[in-house]
Amino acid sequence: MRNIGLYLYYYKTTLLANWSVSLFVALLFYGFSLLTIYIFSMFSMTLGFLISFLIKQSSFINKEEYYFFYNMGITKVKLIIFCSVLNIIFALLLIIGSNYGQQYFNN
């Protein structure tokens with residue numbers, strides 16, 4: 001149970017960069033609409049996650065952070081897979097919610 005908290009901690013540290021990039025791209029190309037939520041969720045699942053992971057890899061501040069996770073029995077691959085799965089679940093929930101909202105507002 002303690003490992004889930006560690007996975008969520010790592011996910012939380014990559015979330016700000018992911019959502020910032022995804023929201024910027026969605027608002028830049030589509031403005032404020034229901035389509036923006038769909039585009040945001042797609043970018044947070046793909047491009048935003050990739051950029052946040054690259055930022056995390058290139059940061060000089062948290063180099064010892066991976067040693068901490070490794071000492072707790074969590075490899076970098078497990079962290080990436082967990083974050084990917086959580087991003088996909090979150091994005092699918094947003095896509096379903098935006099489709100429901102679009103149907104609700106169109107009727």
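Residue indices begin at 1 and follow the sequence shown. The model shown is predicted, which means the values in this text are computed figures rather than measured ones.
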Distance-only check: which donor-acceptor pairs under 3.5 Å involve side-chain atoms of residues 42-52, not counting sequence neighbours?
unit_1 : atom_1 : unit_2 : atom_2 : d
Ser44  : OG     : Phe40  : O      : 3.3
Ser44  : OG     : Ser41  : O      : 3.0
Thr46  : OG1    : Met42  : O      : 2.9
Ser52  : OG     : Gly48  : O      : 3.2
Ser52  : OG     : Phe49  : O      : 2.9

Using atom types as modelled, flag every donor-acceptor pair under 3.5 Å from a side chain in residues 72-81 to any protein atom, sequence neighbours excluded.
unit_1 : atom_1 : unit_2 : atom_2 : d
Thr75  : OG1    : Lys78  : N      : 3.3
Lys76  : NZ     : Gln57  : OE1    : 3.4

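Looking at residues two or more places apart in sequence or on another chain, you find a side-chain contact (heavy atoms from CB on, under 4.5 Å) between Ile89 and Val85, Leu93. Contacts of Tyr9 classified as side-chain contact (heavy atoms from CB on, under 4.5 Å), with partners at least two apart in sequence or in another chain: Lys12, Thr13, Glu65, Phe69. Scanning for ring-ring contact (aromatic ring centres under 6.0 Å, His included) contacts around Phe90 gives Trp19, with sequence neighbours left out. With sequence neighbours left out, Phe82 forms a ring-ring contact (aromatic ring centres under 6.0 Å, His included) with Tyr7.
Summarising the geometry, atom SG belonging to Cys83 is positioned 11.5 Å from atom CD1 belonging to Ile88; distances are rounded to the nearest 0.5 Å.
Side-chain contact check for Asn18 versus Phe53: every heavy-atom pair is 4.5 Å or farther apart.
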